[in-house]
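Down below is the structure, laid out as structure tokens.
Both counts, for ligands and for their atoms, begin at 1 and track the order of listing.
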Amino acid sequence: MNLFRLDGSIFPSVSSSAEIADRAEAEWTAAHPGGTVNRRHLGAAPLPADAWVQATTGGATPEDQRTPAQNEALALAARLAEELESADAVILAVPMYNFGVSQHFKTWVDLVIAGAGPTNPVLKGTPTALVTTIGGGYGPGTPREGWDHSTPYLKRVVGDVWQADLTLIKRELTLAATTPGMEGLKDLAEEEHAQALAAARDIGRVLAGV
Ligand SMILES: Cc1cc2nc3c(=O)[nH]c(=O)nc-3n(C[C@H](O)[C@H](O)[C@H](O)COP(=O)(O)O)c2cc1C
């Protein structure tokens, strides 16, 4: 059995998304002590920012005319797609940055699509936990309702395009404990934190099939 784990935090040592993903991973590992966890950390080791352009233009270029950079990017794209296709279960930990997904996460998505093809459901039926953490709050009735351009995109790609058997764990208000002006939200933030960790434990068991 193998689990694919992706992290997108640019601050790995204090990552709130990693904390939740760790909880789910621990359940999976407990159920599959001999299993393999394949990791890709986009924050600690970002993919080359120009790889998608090289892979996409390379794909549109006859093989014998491709540049070395195009060949390299196409090989990377194929490898990234294969990492998903070969997974028995998947955990994705993706923070919100600047009201959306970051460039380094988007590069990964675009490269997977370049490697697999635009309509290839690379995660068809694969149990997948998508953890997202967000500093503020964007729920119905909040001043910034509608500003979360990350979660809908993540669900569209992972759930609809890649057809994962998707469970979303979303923790908002991660900055409430440390940000002036958010003091009144601390209790709610703590509640969201506890709920996210409990949900991670549950989904970890689902991913493990126990
Ligand atoms: C560069 C940067 C940009 C961010 N942009 C936003 C944002 O637009 N909206 C928001 O609510 N939080 C924003 N945050 C806060 C993160 O979403 C929040 O800290 C999240 O918990 C980070 O996840 P991590 O701890 O796993 O890295 C930003 C954080 C950083 C470092």
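Other residues, nucleotides and ligands contribute more than 12 heavy atoms inside 6.0 Å of the CZ atom of R5. A 6.0 Å sphere centred on CD of E183 holds more than 12 heavy atoms belonging to other residues, nucleotides or ligands. Environment of CD in E85: crowded, with over 12 heavy atoms of neighbouring residues, nucleotides or ligands closer than 6.0 Å.
Nearest protein heavy-atom contact of atom 23 (O) of ligand 1 is T133 OG1, 3.0 Å. Among all non-hydrogen protein atoms, the one lying nearest atom 25 (O) of ligand 1 is S16 N, 2.7 Å. Closest to atom 4 (C) of ligand 1, if we only count protein heavy atoms, is N98 N, 3.6 Å. Closest to atom 22 (C) of ligand 1 among all protein heavy atoms lies P95 CB, 3.6 Å. In terms of protein heavy atoms, atom 2 (C) of ligand 1 is closest to Y97 CD2, 3.4 Å. Scanning the protein for heavy atoms near atom 12 (N) of ligand 1, the closest one is G135 N, 3.3 Å. With hydrogens left out, the protein atom closest to atom 27 (O) of ligand 1 is S9 OG, 2.5 Å, a heavy atom.
Remark: among candidates Y138, F99, F11, the nearest residue to atom 10 (C) of ligand 1 is Y138, based on non-hydrogen atoms. Taking all heavy atoms of T179, T174, L175, L173 into account, the minimum distance to atom 21 (O) of ligand 1 is reached by T174.
Summarising the geometry of A114 relative to W52, their closest heavy-atom pair is CB-CD1, 4.4 Å, with the distance given to 0.1 Å. When all heavy atoms are compared, the tightest approach of G136 to E172 is O-CB, 3.4 Å.
Residues W28 and M1 form a side-chain contact, since some pair of their non-hydrogen atoms from C-beta on lies under 4.5 Å apart. Side-chain contact check for H104 versus I10: some heavy-atom pair is nearer than 4.5 Å.
The line from CG of D148 to OH of Y153 is 13.5 Å long, rounded to the nearest 0.5 Å.
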I'd like to know whether F99 forms a ring pair (Phe, Tyr, Trp, His ring centres under 6.0 Å) with W147, so could you lay out the CA-CA distance, the side-chain angles of the two residues, the decisive distance to 0.1 Å, and finally the verdict. CA-CA 6 Å; F99 308 107; W147 285 51; 5.1 Å; yes
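Considering backbone and side-chain N/O atoms, M96 comes within less than 3.5 Å of an N/O atom of ligand 1. Polar contact with ligand 1: absent for I10 (N/O pair, distance under 3.5 Å).
Each of the following atoms of ligand 1 lies closer than 4.0 Å to a heavy atom of S15: 24 (P), 25 (O), 26 (O). Annotation for ligand 1: atoms under 4.0 Å from non-hydrogen atoms of I134 are 11 (O), 17 (O).
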